[in-house]
Amino acid sequence: MKRYKGLRIARIVVSVAVAILITLLWIEYSDLVLRSFGWIEHTQVIPAGVAFSGVTIVFWLVMTSLFGRIYCSMFCPLGVVQDVAARLGRMSRKGTRKDYHYAAPMTRLRYCSLAVVAVCFFMEVLIIPAIIDPYSMYSAFVLNILKPIWGWINNAVAQIGVQTGWWTVGYVSVITASVFGVALSLVSVFSVAAAAWVAGRPFCNTLCPVGTVLGIVSARSLWHIDIDTDMCTNCRKCEHVCKAQCIDLTDHVVDSSRCVGCFDCLTVCPDDAIFYRPDRKQLSLPMMQSLDGPRVGSASACSTTHPLTDISELTSNDKDETIS
Ligand code: SF4
Ligand code: SF4
Ligand code: SF4
């Protein structure tokens, strides 16, 4: 749908800008970026949680309850890493194998991971949260891997400047991490990227504690992805681009707790049948509606519950009319 292209482009621009700023914040040897853009760290959920900064936490909970997991689509640098890996993975595959398909939610794994992180955090066993928490994982990767490389490149350029006299660049003291730190950063970030290469955003909807908390809130977010079954022709194009694998075209519902707000599905629909909006489509076919109330982590979490939903409450005449 053309009207959503601007929204998708804005999402990509903001996410890349945030990822670049956070990378520069950790990679630089001066405090140039820190002085001008140090505030960017205050937008991150985990540093705010560690610092008990209620403002940031409340801000993101409110934003998520209104607009869904836009934090995951725009403000998480590890989300950008996964998007890049997912895009490269799709490009490397041929034919329909590059398409995503709906997958059932792994709700138990999500809650177990969140519980483990919470318990470790309060018992001050910080190694586990440091491995799973997306901000720590990304900042450690920049500090342990990218920063030394940046320092070596800087010194090589400075050396060439000294030898040729073409420019003057100051040397920096390259800080290198321990072998364990380097190995841990490499394994954790490349594992997440490899999973994204194959399946989009599996880390975001299984192990990430931030994603689980935001998912609980976004399951009932005001603005959400909504499919109009009267217009949908079941072409499955939206399902095939959904990196969260949360579009269930059997029931025509989108699991808002897993939707990471990338807006990719909105721009591929040939029938203008999928929307990002506050209201929910009243399905014209009662049989296609959810039998249960909204459940977190369920594909029916954002489906419409209609008065005629429970078929067991219909009279036999009603059933005949409904089916006809
Ligand atoms: S779920 Fe976690 S890793 Fe994924 S984008 Fe959100 S905060 Fe980042
Ligand atoms: S339903 Fe899937 S493709 Fe659509 S915005 Fe959500 S995550 Fe992106
Ligand atoms: S892309 Fe549009 S028409 Fe195709 S399945 Fe999705 S909502 Fe339906």
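Nothing here was measured: the structure is a model prediction, and the numbers come from that model. Whatever order the structure lists them in is the order used to number ligands and atoms, beginning at 1.
- Remark: minimum distance from atom 8 (Fe) of ligand 1 to any protein heavy atom is reached at Cys76 SG, 2.3 Å.
- For ligand 3 and Arg236, the ligand atoms under 4.0 Å from any heavy atom of the residue are 4 (Fe), 5 (S).
- For ligand 1 and Val210, the ligand atoms under 4.0 Å from any heavy atom of the residue are 7 (S).
- Considering every non-hydrogen atom in both Ser256 and His224, the closest pair reads OG-CB, 3.8 Å.
- Close approach to Ala244 involves these atoms of ligand 2, each under 4.0 Å from a residue heavy atom: 7 (S).
- The contact set between ligand 1 and Gln82, taken as ligand atoms under 4.0 Å from a residue heavy atom, comprises 3 (S), 4 (Fe).
- Between Phe67 and Trp223, the ring planes lie tilted relative to each other; the angle falls in the 30° to 60° range.
- Among all heavy-atom pairs drawn from Leu78 and Met137, the shortest one is CD2-SD, 3.9 Å.
- Among protein heavy atoms, the minimum distance from atom 2 (Fe) of ligand 3 is reached at Cys269 SG, 2.3 Å.
- With respect to atom 7 (S) of ligand 2, the closest heavy atom belonging to the protein is Val260 N, 3.4 Å.
- Near Cys242, meaning under 4.0 Å from any of its heavy atoms, are these atoms of ligand 2: 1 (S), 2 (Fe), 3 (S), 7 (S).
- Proximity to Cys259 (heavy-atom distance under 4.0 Å) selects the following atoms of ligand 2: 1 (S), 5 (S), 6 (Fe), 7 (S).
- At a threshold of 4.5 Å between side-chain heavy atoms, the hydrophobic network of Ile, Leu, Val, Met, Phe, Trp and Tyr places Val254 and Leu266 in one connected group.
- For the residue pair His252/Asn234, the side-chain donor-acceptor check at 3.5 Å is satisfied.
- Contact annotation: for Ile247 versus ligand 2, heavy atoms closer than 4.0 Å belong to the side chain alone.
- Using a 4.0 Å cutoff on heavy atoms, Asp271 counts as a contact of ligand 3.
- Of all atoms in ligand 3, listed by their number and element, those nearer than 4.0 Å to a heavy atom of Cys232 are 3 (S), 5 (S), 7 (S), 8 (Fe).
- The pair Arg236-Asp99 does not count as a salt bridge, with every side-chain nitrogen at least 4.0 angstrom from each carboxylate oxygen.
- Only the backbone of Phe263 comes within 4.0 Å of ligand 2, judged by heavy-atom distances.
- Between Arg201 and Asp83 there is a salt bridge, since at least one side-chain N of the basic residue sits less than 4.0 Å from a carboxylate O of the acidic one.
- Residues Arg87 and Asp264 are not paired through a salt bridge, judged by the lack of any N-O separation under 4.0 Å between the basic side chain and the carboxylate.
- The ligand atoms of ligand 1 that sit less than 4.0 angstrom from a heavy atom of Phe203 are 3 (S).
- The nearest non-hydrogen atom to atom 4 (Fe) of ligand 1, considering only Cys208, Cys204, Pro134, Gly211, comes from Cys204.
- Proximity of Val254 to ligand 2, defined as any heavy-atom pair under 4.0 Å, is confined to the side chain (atoms from C-beta onward).
- Residue contact check: Arg69 has heavy atoms under 4.0 Å from atoms 1 (S) of ligand 1.
- Ligand 1 places these atoms under 4.0 Å from at least one heavy atom of Tyr71: 7 (S).
- Looking at Cys238 against ligand 2, nothing comes within 4.0 Å, counting heavy atoms.
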request  = Check step by step if ring pair (Phe, Tyr, Trp, His ring centres under 6.0 Å) holds for Tyr276 and Phe263.
outcome  = CA-CA 8 Å; Tyr276 178 59; Phe263 308 132; 5.0 Å; yes
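- What sits closest to atom 6 (Fe) of ligand 1 on the protein, heavy atoms only, is Cys72 SG, 2.4 Å.
- Put simply, Val187 and Val182 are part of two different groups of oily side chains (I, L, V, M, F, W, Y) that touch within less than 4.5 Å, one to the next.
- Residue Phe75 forms a ring pair (Phe, Tyr, Trp, His ring centres under 6.0 Å) with just one option from Tyr138, Trp60, Phe59, and that option is Trp60.
- By the 6.0 Å and 45° rule, Arg69 does not stack over the aromatic ring of Tyr71.
- Here the heavy atom of the protein found nearest to atom 5 (S) of ligand 1 is Arg201 NH1, 3.2 Å.
- Seen from the ring of Tyr29, Lys147 counts as a face-on cation partner, given the 6.0 Å and 45° thresholds.
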